[in-house]
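For this chain, numbers begin at 1 and follow the sequence in order. If you're wondering where the values come from, they're calculated on a predicted model, not measured in any experiment.
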Amino acid sequence: MRFPDNIQFYSEVKEHYDPKVGDYVGGPELVGEEIANITETGTETSVKDFGDITTKNLVIRLVNDINYKWAYLTVNGLEQKYKPITTRKPLKNNTLIVGEMNE
């Protein structure tokens with residue numbers, strides 16, 4: 001299996017004013033980056049598992065385990081954000097199922 005895509009994981013800390021620094025701190029922060037194999041979920045799977053096909057869901061297969069907390073991810077540095085739906089750990093690799101975030 002090829003892993004041609006790059007995934008960027010972000011944590012989202014609420015932005016707040018820090019009087020020690022004298023400026024606002026927080027907001028999105030890159031916590032990790034991994035290589036992955038990405039496919040879209042099929043229509044049948046989306047309807048069966050999620051009840052509809054209005055949002056784009058992706059199946060992401062990773063080589064390494066994700067050991068950090070993250071709020072959303074982006075694919076190949078693009079602007080579209082994806083939120084976690086579920087994680088599966090079969091014998092080989094790790095699998096994330098994520099859904100498109102509509103902001």
- Quick check: does any side chain N or O of Gln8 sit under 3.5 Å from a backbone N or O of Gly77, one acting as donor and the other as acceptor?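 Side chain of Gln8 to backbone of Gly77: a pair is present.
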- Do the side chain of Asn37 and the main chain of Arg2 share a donor and acceptor less than 3.5 angstrom apart?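 Side chain of Asn37 to backbone of Arg2: a pair is present.
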For a quick test of reading the model, state the closest non-hydrogen atom pair linking [X] to [Y] and the distance between them.
| X | Y | answer |
| --- | --- | --- |
| Val25 | Asp18 | CG2-CB, 3.8 Å |
| Gln80 | Glu100 | NE2-CG, 3.0 Å |
| Ala71 | Pro84 | O-CD, 3.4 Å |
| Leu96 | Leu62 | CD1-CD1, 3.7 Å |
| Gly99 | Ile85 | N-CD1, 3.5 Å |
| Tyr24 | Tyr17 | CD2-N, 3.6 Å |

- Query: Does Glu29 CD have over 12 foreign heavy atoms under 6.0 Å away?
  - Reply: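 Result for CD/Glu29: open.
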Under a 4.5 Å side-chain heavy-atom rule over Ile, Leu, Val, Met, Phe, Trp and Tyr, are [X] and [Y] clustered together?
| X | Y | result |
| --- | --- | --- |
| Phe3 | Ile60 | no |
| Ile35 | Tyr68 | no |
| Tyr82 | Val59 | no |

To the nearest 0.5 Å, what is the distance between [atom1] on [X] and [atom2] on [Y]?
| X | Y | atom1 | atom2 | result |
| --- | --- | --- | --- | --- |
| Met101 | Thr74 | CE | OG1 | 11.5 Å |
| Ile97 | Arg61 | CD1 | CZ | 9.0 Å |
| Asn93 | Arg88 | CG | CZ | 14.5 Å |
| Leu58 | Thr41 | CG | OG1 | 7.5 Å |
| Asn57 | Glu40 | CG | CD | 9.0 Å |
| Asn76 | Leu78 | CG | CG | 6.0 Å |

- Report the relative orientation of the aromatic rings in Tyr72 and Tyr10; use parallel for angles under 30°, tilted for 30 to 60°, perpendicular for over 60°.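 Tyr72 vs Tyr10 ring planes: parallel.
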